[in-house]
Number of protein chains: 4
Amino acid sequence: MAITVKHRVNFYDTDAMAVVHHANYIRWFEIGRVEYLRQIGITLNDLMADGFVFPITNIDARYHASGKFDDELLIETTANELTKAKMTFSYRILREKDGLLLVTGHSQNVFTSMATGKVVRLPEKYYVKLAAATKREKDNV
Amino acid sequence: MAITVKHRVNFYDTDAMAVVHHANYIRWFEIGRVEYLRQIGITLNDLMADGFVFPITNIDARYHASGKFDDELLIETTANELTKAKMTFSYRILREKDGLLLVTGHSQNVFTSMATGKVVRLPEKYYVKLAAATKREKDNV
Amino acid sequence: MAITVKHRVNFYDTDAMAVVHHANYIRWFEIGRVEYLRQIGITLNDLMADGFVFPITNIDARYHASGKFDDELLIETTANELTKAKMTFSYRILREKDGLLLVTGHSQNVFTSMATGKVVRLPEKYYVKLAAATKREKDNV
Amino acid sequence: MAITVKHRVNFYDTDAMAVVHHANYIRWFEIGRVEYLRQIGITLNDLMADGFVFPITNIDARYHASGKFDDELLIETTANELTKAKMTFSYRILREKDGLLLVTGHSQNVFTSMATGKVVRLPEKYYVKLAAATKREKDNV
């Protein structure tokens with residue numbers, strides 16, 4: 001089941017076409033991803049305190065309609081695939097007032113050691129939470 | 001042939017992992033795209049004065065290595081496919097000092113009327129320049 | 001009385017010192033200012049539909065302590081001085097969990113015609129709302 | 001004597017008023033400051049490798065005219081006051097083609113230990129370079 005976060009479009013998020021600049025949605029995928037992890041009991045601060053970072057290796061986005069200043073948006077995040085070394089999420093960003101779909105996209109992160117910069121297998125304590133969440137997503141489909 | 005722009009990584013482009021935040025490369029694709037168009041004789045300001053905007057409909061990026069503060073980067077932009085209604089570009093971002101490939105990606109834009117918000121066929125004066133550039137790319141491969 | 005908005009620090013708001021980049025607080029003053037206006041019945045979209053923009057002419061900020069990723073912040077905005085042509089706001093940004101003061105600052109906006117780019121006297125319908133709010137602030141001191 | 005850096009306004013630097021968003025100039029002060037330090041032989045990377053950071057404690061900006069997309073700007077940075085613990089810079093941002101003054105401002109940084117987070121006296125090897133630069137500025141006035 002998707003985790004939803006609300007985000008209101010700020011004036012500084014817009015560009016001279018008077019719409020949200022497209023790169024901002026990539027930032028907002030991060031808001032969704034961080035909240036998804038928080039709700040299954042994982043914070044990036046804990047991960048970093050344990051010596052892990054979670055860099056993005058792939059991102060894609062498809063722009064369906066334009067967000068505008070002051071729109072209230074819903075950022076929906078779903079966990080897709082999970083291995084011990086990487087994880088993918090998918091995203092939908094909608095305008096709250098009428099459900100208009102603005103942007104869809106995906107990301108892939110790899111679990112990485114801060115000490116070595118190498119991809120690592122995530123410790124069990126994190127993996128079990130992510131695996132449970134990913135399983136719930138699949139069961140819900 | 002790719003058009004190359006230099007860009008130095010600013011401190012404000014970094015994040016708490018001490019690397020360039022991944023969303024910034026999507027912004028830098030825009031720097032490459034704008035410069036590509038300028039070098040073939042098209043400026044966004046002219047397009048907008050003629051009533052056209054050029055919104056992004058799709059973007060993807062693959063992250064190969066991390067950029068760091070003060071790195072001098074090369075943004076290489078190539079025109080790929082062109083129709084009267086849309087255009088795709090591909091990008092490579094490299095670290096100048098050693099040619100390390102940091103990011104690759106693609107974008108698709110559609111030519112859009114500012115008045116109606118609808119996708120439109122681009123006027124001949126712009127199309128011929130883009131078609132010539134796209135042909136040069138193909139001939140060079 | 002200050003209007004308060006909550007804002008959680010995103011990962012993309014941090015820099016390589018692992019704290020919020022100082023320019024982001026200037027953006028967050030805008031979040032506070034927009035919300036202040038909304039709560040007294042003025043939206044930037046209405047102002048723009050009536051042909052007015054509200055550009056910043058002066059800004060200052062003093063940084064007392066560093067915000068970090070995932071901190072929940074309170075942005076407090078107060079209207080200070082008002083004339084028919086300009087308005088000043090003051091801001092305090094605090095960490096919610098313990099009230100630690102991170103940043104204080106001020107801004108001055110001028111009411112400007114979109115058509116001419118000139119500073120203009122704000123129409124009565126907007127002025128009365130702003131004057132009432134400014135008076136409430138003074139009475140509360 | 002001011003150190004000058006060129007910066008072209010990107011589309012993503014603009015907002016829905018079709019001008020540069022005012023917070024971006026605060027970022028561009030940083031571009032000027034980093035370049036100033038580089039030209040007198042100090043890089044932030046060296047400072048950080050030696051355990052120092054250089055956070056901003058105060059910033060102010062005055063907006064005189066609006067930058068637009070594709071404008072080529074000059075960021076002029078001057079060192080003002082220096083003590084062993086802090087330093088101030090002043091900035092002027094102009095439009096290159098006609099010298100129109102867009103923004104002026106100031107910043108104050110404090111030399112800070114990364115280990116303790118406390119303000120520290122800067123080591124002599126850095127101080128002498130900054131003192132020499134600050135003296136040159138004063139002699140030039």
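Residue numbers start from 1 in every chain, and the chains themselves are labelled A, B, ... in the order their sequence lines are given, proteins ahead of strands.
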Is it true that [X] and [Y] have a side-chain N and a carboxylate O under 4.0 angstrom from each other?
X	Y	value
K129(C)	E124(C)	no
R38(C)	E35(C)	yes
D98(D)	R95(D)	yes
K97(C)	D71(C)	no

Candidate pair R33(D) and Y91(D), rule side-chain hydrogen bond (donor to acceptor under 3.5 Å, both in side chains), full reasoning: CA-CA 9 Å; R33(D) 193 164 61 243; Y91(D) 310 91; 3.0 Å; yes

Would you confirm whether the ring centroid of F89(D) sits within less than 6.0 angstrom of the ring centroid of F29(D)?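 No, the ring centres sit 6.0 Å or more apart.
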
Does the separation of the ring centres of Y25(C) and Y63(C) fall below 6.0 angstrom?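 Yes, ring centres under 6.0 Å apart.
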
Using a cut-off of under 4.5 Å for heavy-atom pairs, which of [options] has the most such pairs with chain D?
options	answer
N24(C), D60(C), T104(C)	D60(C)
M114(C), E30(C), M48(C)	E30(C)
A23(C), S66(C), P55(C)	A23(C)

Which one of I26(D), L44(D), I56(D), V53(D) has the most heavy-atom pairs closer than 4.5 Å to chain C?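 The answer is I56(D).
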
Residue by residue, scan residues 2-20 of chain C and write down, ordered by number, those that have a heavy-atom distance under 4.5 Å to chain D; if none do, write 'none'.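 Residues M17(C) are the ones that qualify, each having a heavy atom under 4.5 Å from chain D.
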
If I measure from the heavy atoms of chain D, does H64(C) come under 4.5 Å with its side chain, its backbone, both, or neither?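 Neither part, no heavy atoms under 4.5 Å.
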
Is Q108(C) in contact with chain D via its backbone, its side chain, both, or neither, using a 4.5 Å heavy-atom distance?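 Neither part, no heavy atoms under 4.5 Å.
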
Salt bridge (charged side-chain N to carboxylate O under 4.0 Å, His left out) involving R62(C) - partner list, sequence neighbours excluded: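 R62(C) satisfies salt bridge (charged side-chain N to carboxylate O under 4.0 Å, His left out) with no residue once adjacent residues are dropped.
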
Between CG on residue L94(C) and CG on residue L73(C), distance to nearest 0.5 Å: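 Spacing of CG (L94(C)) from CG (L73(C)) equals 8.5 Å.
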
